[in-house]
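Written below as structure tokens is the structure these notes are about.
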Amino acid sequence: MVLPKAGEGPVVYLIDGTSFVYRAHYAIREPLSTSWGLPTKAVFVFTRMLLRLLKEVRPEYLVLCLDEKEPTFRHEAYEDYKAHRPPMPEELVVQLPYIREVAEALGVPILSLAGYEADDLIATLAVRLPNPVVIVAGDRDLLCLVSERVHLWDPLREKTYTPEEVERRYGVPPERFPDFRALTGDPSDNLPGVKGIGEKTAAALIRAFGSLEEIYRRLDEVTPPRVRKLLSEGREAAFLSRRLLELSTSAPVPLELEHYRLREPDWTRLRALFRKLEFRRLLAELPAERLSLGEVVTVEDLPREVLSSERLGLWARPGEGLFAKELLSLSVATEGRAWVVQRASPETLRRLLGFSGLERVVHDLKALYHLAGEAPEAEGLLDVKLAAWLLDPTRRDYSLEGLAEEHLGARLASLDGKGMGERALALAELGPLLREAVEAAGLGPLLFEVELPLSAVLFRMERVGVRVDRAYLSRLAEDLRQELAELEAEIYRLAGEPFNLRSGRQLSRILFQKLGLPRGKRTPKGTDFSTDVEVLSALAERHPLPERLLRYRARHKLLSTYVEPLLRLADAAGRVHTTFNQTGTATGRLSSEEPNLQNIPIKGEEGELIRRAFVAEEGWVLLSADYSQIELRLLAHFSGDENLRRAFAEGRDIHAATAAEIFGVSPKEVTPEMRRLAKVINFGLAYGMSAYGLSKELGIDYKQAQAFMERYFERYPGVRRWREEVVEEARKRGYVTTLLKRRRPIPGLAAPERPVREFAERTAINTPIQGSGADLIKLAMLKVDRRLRAEGLKARLILQVHDELLLEVPEEELKQTQEIVREEMEGVYPLSVPLKVNLAWGRNWAEAKA
DNA sequence: GCGATTGA
DNA sequence: TCAATCGC
């Protein structure tokens, strides 16, 4: 960069933010966006440019100039301005707030003024400040401002424009540049110019006549006649172009230099922003920061003084070695001071968790309950993991380390050093921050009245576990291994050679190359030919192998995913203890892992075989309670659709009712086939399926599927209206909400790519339904758990499977428990349609499903 | 539609 | 990491 020699005082850098937004849009071909759908090309290019500027030039004074949304004086002065300046593409508009945020986080002063474009602000400052000025821009619109005191630097082309350089490059001095461009025009800028006049001719004309006015005043002197004719035809366009190029130098901007001093960057904010924008490389380049959160001391026992503080960060993990469960590593912290208790007992943790006198801030409360061996009834607990999840349930990482880095800018030390104390310190600081954010988002009641107390219920469910019949499972495993061996031999015989029949690649070689069967669709990534159920079932007519393979797959899945893990994970009493992940889904549902007990087969032979393995204690039974059609009922409630609400109010078979509606027949005339189709549509609706998904599910073509959906919406107009309203609301607010005000951000509604946008729309529609279902069953779990304990019953919750609760109940308590469960579940929350619960019980889960 | 798990 | 398959 060549710095201006004229001018007084330090150099001032004026950045034309808008020009970079456009430049980035056209400069990089491949699309760039976050995993959640925000296009980031422009922010990325801009950020890289700004970081480079700050690092290489180290400016003391600079200002980022941006446009405002409001129309400028150009709109007001010229009717046809808008016609010549199409609005900024939506893809770019959504990035503008982030550009502002990046600059703010970097401490760069920002200037924007209603009624003025960035160019006008820069022109005003360039003309009125006495300092040397470098305009940092990604286009040439501002070349006319170049002088001995004002240079223009294009960091993307690495080029400095001095007056000499402008003259050399364009053949006209900077002050004549607007005249020059008024003649040549600029298609990328929608500047018409004079048709047929190129740069050479324009420069020659201006050199000969001096200005645009002069050229037209002495038009008859222009030679050759061809150019004269072009000029005469393009007169209007030329003067319009010039008017559009005129800059205001009288914008009311502060002229005191100190307004434009670069401030200290807010690294914490910048880091959070880069993480959100998924700028991984840039994130790694940020200066490492190790904030000291406070002093850490190691103590033998919990100091008394901690209990007199107002708030405590509380962190614990299992101890080392043989006594990991009895001797915990535990740390507590008040602001600025942490105590590490090397060998605390679960009793210590229990006391702290149960001590309602002060706020205890923890990370993953349910895990602490397990360490404490109990969930004491208490007030004043705050779980930052739950809080962070409620604030944004779409993130993937809710680790304490991640939260500390994001909100406190602190990289926590490893656990063999000061790490334990720092974790407690981080919690003490995160507590008020996240509490405030939760309250501000209206998520307080959901956190403190639902999710936090639910942690205790889930802890008890996990600890009790589910009993499995190990003898039965062992026999089943043996039988399955036997059958798999036979199937394997048979498949090798049919294939004519042995191969790895669990490998899709090898299977597709056998099927499509060796046996010459017709290839079907590709795998989702398009790299291989698919061998999924759909393809294999279709091939079953032509060859016996596919059918055998499908059976092999089903049996193998049963053995390796269900039977073997259950045997492995069962404890000495034959009980398996799943872990419910309370922060694992974007919709608010729970998930279950090690083992996942929420996807135990239910249909077909496999379902029966495996569910018979889940049994009750001697003298107890399993009681299953599932919400009937909870999602469609919620759809009826939200949409207020009369037709749908009536069907539920009258206790009708909802799939049959839907079939009658869309086929225009009376309920009696509904055939099983019609009902099946209606059922798929109803399910599709609840899961946010597209017409495309529906067509695949039903094996019909897209047009037909569309017609079915259209027919549905005609019969249930309230549903259509509600869907449109939800999408509109998501567009306006950026998120959707559930019955209990749970939130989920919906990015991508403004995406230019149709698939991305439609995906976002489906998410926006599906989440309130699925998420409210989660709200209701969580509320019901709290109520059922509370009632059972209040009434002194031994019956207990053991599993939750999204719309089903599974309880283990002493035989003599069955009747009373059934009444309680039905009452609490059906009356969980008043909706405009009734909630219905199906109850079933038996010695095992298969019987309890009947 | 979402999430968990298995196996190459 | 991807493909396939289970549940809701």
Side-chain angles (χ1 to χ4, degrees), chain A residues 393-394 396 499-509 521-537 549-566 568-569 578-604 606-607 609-611 624 626-632 634-635 680 682-694 696-697 736 744 746 758-771 773-774 776-777 799-806 845 849:
Chain A
T394 60
R396 81 186 17 211
F499 64 102
N500 187 344
L501 68 182
R502 289 177 294 277
S503 156
R505 278 257 169 82
Q506 294 196 35
L507 175 64
S508 90
R509 181 178 62 81
K521 61 184 177 182
R522 299 277 186 152
T523 57
K525 277 264 154 191
T527 48
D528 293 288
F529 289 100
S530 172
T531 62
D532 69 8
V533 197
E534 204 189 319
V535 173
L536 259 44
S537 316
L549 198 101
L550 282 174
R551 184 167 175 92
Y552 180 92
R553 271 197 190 157
R555 296 279 143 155
H556 184 255
K557 176 104 185 165
L558 187 62
L559 179 65
S560 66
T561 310
Y562 303 107
V563 178
E564 285 175 341
L566 284 175
R568 193 174 62 241
L569 294 167
T578 185
T579 302
F580 288 107
N581 189 346
Q582 207 178 342
T583 57
T585 70
T587 54
R589 279 184 172 182
L590 299 173
S591 67
S592 155
E593 62 197 15
E594 267 194 294
N596 179 357
L597 293 182
Q598 290 184 322
N599 72 342
I600 302 298
I602 184 163
K603 287 173 293 195
E606 277 82 13
L609 282 172
I610 195 68
R611 285 190 181 227
S624 159
D626 66 282
Y627 276 118
S628 156
Q629 309 294 352
I630 191 164
E631 280 160 351
L632 285 179
L634 282 163
L635 180 61
V680 173
N682 277 334
F683 266 94
L685 241 63
Y687 293 137
M689 193 189 272
S690 60
Y692 173 74
L694 183 68
K696 279 208 350 204
E697 189 69 30
V736 290
R744 174 179 187 174
I746 306 290
E758 289 181 343
F759 175 66
E761 286 171 5
R762 290 199 299 275
T763 310
I765 293 164
N766 174 241
T767 298
I769 297 179
Q770 219 182 87
L776 289 185
I777 198 155
L799 283 183
Q800 186 252 51
V801 192
H802 308 314
D803 65 354
E804 172 189 7
L805 297 180
L806 191 68
W845 204 359
K849 262 281 142 185

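Here is the naming used below: chain letters follow the sequence lines, and residue numbers restart at 1 for every chain. What you see is a predicted model; the values in this text were computed from it and never measured. Computed from heavy atoms alone, side chains included, the values below leave out hydrogens, waters and symmetry copies.
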What integer distance in Å separates A:L558:CG from B:dA4:C1'? 16 Å
OP1 or OP2 of B:dG7 less than 4.0 angstrom from a side-chain nitrogen or oxygen of A:S560, does that happen here? yes
Would you say a side-chain N or O of A:T531 is under 4.0 Å from OP1 or OP2 of C:dA4? yes
Could you tell me the separation between the CD atom of A:E804 and the CD1 atom of A:I630, rounded to the nearest 0.5 Å? 12.5 Å
If you look at every strand shown and take non-hydrogen atoms under 4.0 Å, does A:G584 touch a base, only sugar-phosphate, or nothing? sugar-phosphate
How long is the gap from CG on A:L685 to CD1 on A:I765, to the nearest 0.5 Å? 8.5 Å
Between atom CZ in A:F529 and atom P in C:dA4, what is the gap in whole Å? 13 Å
Between C:dT5 atom C1' and A:H556 atom NE2, what is the distance in whole Å? 12 Å
A:S591 side-chain N/O to B:dA4 phosphate OP1/OP2 under 4.0 Å: yes
Rounded interatomic separation in angstrom, taking CZ from A:F499 and C1' from B:dG7: 15 Å
List the steps and the verdict of side chain to side chain donor-acceptor pair (under 3.5 Å) for A:R502 and A:S560. CA-CA 12 Å; A:R502 289 177 294 277; A:S560 66; over 6 Å; no
Any base atoms under 4.0 Å from A:F759, or only sugar-phosphate, or nothing? Heavy atoms, all strands. sugar-phosphate
Whether the side chain of A:E593 engages the backbone of A:P595 through a donor-acceptor N/O pair (distance < 3.5 Å, no angle test) should be reported. no
Could you list, one pair per line, each protein nitrogen or oxygen that sits under 3.5 Å from a nitrogen or oxygen of nucleotides 6-8 of chain C, together with the distance?
from  : atom 1 : to     : atom 2 : distance (Å)
C:dC6 : O2     : A:N599 : ND2    : 2.8
C:dG7 : OP1    : A:I602 : N      : 2.6
C:dG7 : OP1    : A:K603 : N      : 3.2
C:dC8 : O3'    : A:D803 : N      : 3.4
C:dC8 : O3'    : A:D803 : OD1    : 3.0
C:dC8 : O3'    : A:D803 : OD2    : 3.4
C:dC8 : N1     : A:Y687 : OH     : 3.4
C:dC8 : O2     : A:R589 : NH1    : 3.0

Using side chain to side chain contact (heavy atoms under 4.5 Å, CB included), reason through A:R553 and A:L536 one step at a time and then give a plain yes or no. CA-CA 11 Å; A:R553 271 197 190 157; A:L536 259 44; 3.8 Å; yes
Can you tell me if the side-chain N/O atoms of A:N500 get under 4.0 Å from OP1 or OP2 in B:dA8? yes
Is the distance from OP1 or OP2 of B:dG1 to the nearest side-chain N or O of A:R762 less than 4.0 Å? yes
Applying ring pair (Phe, Tyr, Trp, His ring centres under 6.0 Å) to A:H556 and not counting sequence neighbours gives A:Y552
Tell me the interatomic distance from A:D528, atom CG, to B:dA8, atom P, rounded to whole angstroms. 15 Å
Check this for me: does any side-chain nitrogen of one of A:E631 and A:R589 sit under 4.0 Å from a carboxylate oxygen of the other? yes
Write down the distance between CZ (A:R396) and P (B:dC2), rounded to a whole number of angstrom. 13 Å
Does a salt bridge link A:K557 with A:E606, judged by any charged N lying under 4.0 Å from a carboxylate O? no
Between A:E606 (CD) and C:dT5 (P), how many Å, whole number? 12 Å
What nucleic acid atoms does A:T585 come within less than 4.0 Å of, heavy atoms only: base, sugar-phosphate, or nothing? sugar-phosphate
At less than 4.0 Å, is any side-chain N or O atom of A:S530 found next to OP1 or OP2 of C:dA4? Yes or no. yes
Among B:dC2, C:dA4, B:dT5, the nucleotide that comes nearest once only the side chain of A:R744 is considered: B:dC2
Classify the nucleic acid contact of A:T763 as base, sugar-phosphate or nothing, counting any heavy atom under 4.0 Å across all strands shown. nothing
Specify the separation, in whole Å, of atom CG of A:L559 and atom P of B:dT5. 17 Å
Checking B:dT5, B:dG7, C:dT5 against the side chain of A:R553 (C-beta onward), the nearest is C:dT5
